[in-house]
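One structure, as structure tokens, below. Some questions next.
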Amino acid sequence: MTLSIRALEAGRLVGMHKPAITYMRGWGKTHDSAMIMFVIEGGDAPIVVDTGPPSDVDQVRRYHGYTLQQTPDERAPAVLRAAGIDPGRVPVVVNTHLHWDHCSNDHLFGRAAIYVQRRELEYASRPLQWHNAAFDHHPDLEPPWRAVGNQITPVDGEHRIAPGVSLVPLPGHTPGSQGVLVETGGGRYLIAGDCVDTYENWEGDAAASHIPSGLFTNLFEYDESFRVIESLDCQVIPSHDQAVVEQGRFQ
């Protein structure tokens, strides 16, 4: 068994203010944020990590203030179909966290067990007011994870979900953020969720070894999560970097 990871693009948020991605850095600059679904292949069945944004660009603009560029071929059902994946037959989905752009297509995976950290479920149920939008808390919206609540498997901490595939808690961006550590034929890769938005976040700058996202719940936990990643002896795959889409496969 040789595992590999495929990055599937599900659109992009264009013209985001850069400090939303790189904490307190890039004032006056913008960033185009790739929306990525990951598929771990080579095991008994594909494992999907994060299910991307909704296919309603007006909803994204109205409730989140972002401009989502998404062609018909980049909508989740089409992306999966082009990749040869029948979402109805996927047995396992991982949400690295429950922000709207990472779980809005969970409903497509009707037979999957959906792995989420218990801390994330608890916080997503009652976030602080400043985080309501990120979790789709609005009188006119239902958070997407609620529709699949009976499929969610809550986990506490590290958890092995398949041979060569493990969950690693990475709190900070949200209380229950997690990464997925994958043992491929070419080495260990970490799908880092929004603990690491872009390669710039991981590589840091002259002032800091790593740079958090501009959206977080706890910077002390965020810092510790960076130390955890450093200890894993792995290559990091960010969640919103166009370079990830361009590489396409990690193996």
Side-chain angles (χ1 to χ4, degrees), residues 1-8 21-23 34 36-44 46-50 92-99 102-103 114-120 153-205 207-213 215-251:
M1 178 188 72
T2 302
L3 299 179
S4 64
I5 302 164
R6 233 190 321 174
L8 308 177
I21 295 293
T22 50
Y23 174 59
I36 305 174
M37 304 166 63
F38 294 96
V39 182
I40 302 169
E41 300 175 306
D44 293 337
I47 296 171
V48 172
V49 179
D50 289 339
V92 173
V93 168
V94 177
N95 289 147
T96 60
H97 59 299
L98 293 177
H99 282 174
H102 290 258
C103 65
I114 302 173
Y115 286 84
V116 180
Q117 289 288 324
R118 193 181 308 274
R119 285 187 68 194
E120 187 72 359
T153 299
V155 295
D156 296 296
E158 296 181 3
H159 187 80
R160 181 175 179 268
I161 58 174
V165 183
S166 299
L167 306 179
V168 180
L170 298 173
H173 177 65
T174 64
S177 284
Q178 61 184 347
V180 184
L181 188 64
V182 183
E183 304 273 357
T184 76
R188 290 152 63 93
Y189 287 92
L190 178 73
I191 303 171
D194 281 3
C195 185
V196 182
D197 285 311
T198 67
Y199 285 111
E200 181 181 354
N201 292 93
W202 182 241
E203 292 163 1
D205 58 18
S209 56
H210 310 294
I211 303 170
S213 167
L215 177 61
F216 54 84
T217 57
N218 190 311
L219 276 179
F220 292 95
E221 288 189 325
Y222 216 134
D223 182 66
E224 180 58 30
S225 291
F226 281 144
R227 308 305 155 212
V228 168
I229 296 174
E230 289 175 345
S231 74
L232 293 176
D233 187 27
C234 64
Q235 297 184 59
V236 174
I237 305 176
S239 62
H240 290 298
D241 199 312
Q242 191 64 35
V244 171
V245 175
E246 291 168 1
Q247 178 163 341
R249 190 178 289 275
F250 302 79
Q251 56 191 5

Listed partners of Arg249 passing side-chain hydrogen bond (donor to acceptor under 3.5 Å, both in side chains), at least two apart: Ser4, Glu41

Could you pull out the closest heavy-atom pair between Leu3 and Pro163, with the gap in Å? CD1-O, 3.5 Å

Least distance between heavy atoms, Ser213 atom then Tyr222 atom: N-OH, 3.0 Å

Residue pairs passing the ring-ring contact (aromatic ring centres under 6.0 Å, His included) test with at least one member in residues 227-251, sequence neighbours excluded, are His102-His240, Tyr189-Phe250

Considering all heavy atoms, the nearest Ala7-Phe38 contact: CB-CE2, 3.9 Å

For Asp194 and His99, test the side chains for any donor-to-acceptor distance below 3.5 angstrom and give the result as yes or no. no

Just how far is it from atom CG of Asp50 to atom CG of Leu8, taken to the nearest 0.5 Å? 11.5 Å

With Leu181, the side-chain contact (heavy atoms from CB on, under 4.5 Å) member among Val168, Ile229, Val165: Val168

What's the separation between atom NE2 in His173 and atom CD in Glu221, rounded to the nearest 0.5 Å? 13.0 Å

Arg227: partners by salt bridge (Lys or Arg N to Asp or Glu O under 4.0 Å), with sequence neighbours left out: Asp223, Glu230

Hey, could you give me the CZ/SG distance between Phe216 and Cys195, rounded to the nearest 0.5 Å? 13.0 Å

For Pro175, enumerate each residue passing the side chain to side chain contact (heavy atoms under 4.5 Å, CB included) test, keeping only those at least two apart in sequence or located in another chain. Arg119, Glu120, Tyr123, Thr217

Closest non-hydrogen atom pair between Asp241 and Ala243, with its separation: OD1-N, 2.9 Å

Side-chain heavy-atom pair Gln117, Ser177 within 4.5 angstrom cut-off: no

Which residues satisfy the salt bridge (Lys or Arg N to Asp or Glu O under 4.0 Å) test with Glu183, sequence neighbours excluded? Arg188

If you compare all heavy atoms of Val39 against all heavy atoms of Val48, which two are closest, and at what distance to 0.1 Å? CG2-CG2, 4.3 Å

Can you sort out the partners of Ser225 under side-chain hydrogen bond (donor to acceptor under 3.5 Å, both in side chains), two or more places apart, ordered by chain and number? none

To the nearest 0.5 Å, atom CD of Gln235 lies from atom OG1 of Thr184 at 8.0 Å

Pairs where residues 196-205 contributes a residue and the test salt bridge (charged side-chain N to carboxylate O under 4.0 Å, His left out) is met, not counting sequence neighbours: Lys18-Glu200, Arg25-Asp205

Side chains of Ile36 and Val245 in contact at under 4.5 Å (non-hydrogen atoms): yes

Ser166 side chain to Arg160 backbone, donor-acceptor under 3.5 Å: no

Supply the atom-to-atom distance Cys234 SG to Ile191 CD1, rounded to the nearest 0.5 angstrom. 11.0 Å

Please list, chain by chain and in numerical order, all residues satisfying side chain to side chain contact (heavy atoms under 4.5 Å, CB included) with Tyr115, sequence neighbours excluded. Val92, Val94, Ala113, Thr153, Val155, His159, Ile161, Leu167

I'd like to check the salt bridge (Lys or Arg N to Asp or Glu O under 4.0 Å) partners of Asp156; sequence neighbours left out, ordered by chain and number. Arg118

Sequence neighbours left out, what passes side-chain hydrogen bond (donor to acceptor under 3.5 Å, both in side chains) with Asp44? Give chain and number order. none

Of all heavy-atom pairs between Ala192 and Leu170, which one has the smallest distance, and what is that distance? O-CD1, 4.0 Å

In chain order, what residues pass the side-chain hydrogen bond (donor to acceptor under 3.5 Å, both in side chains) check against Thr198, with sequence neighbours excluded? Asn201

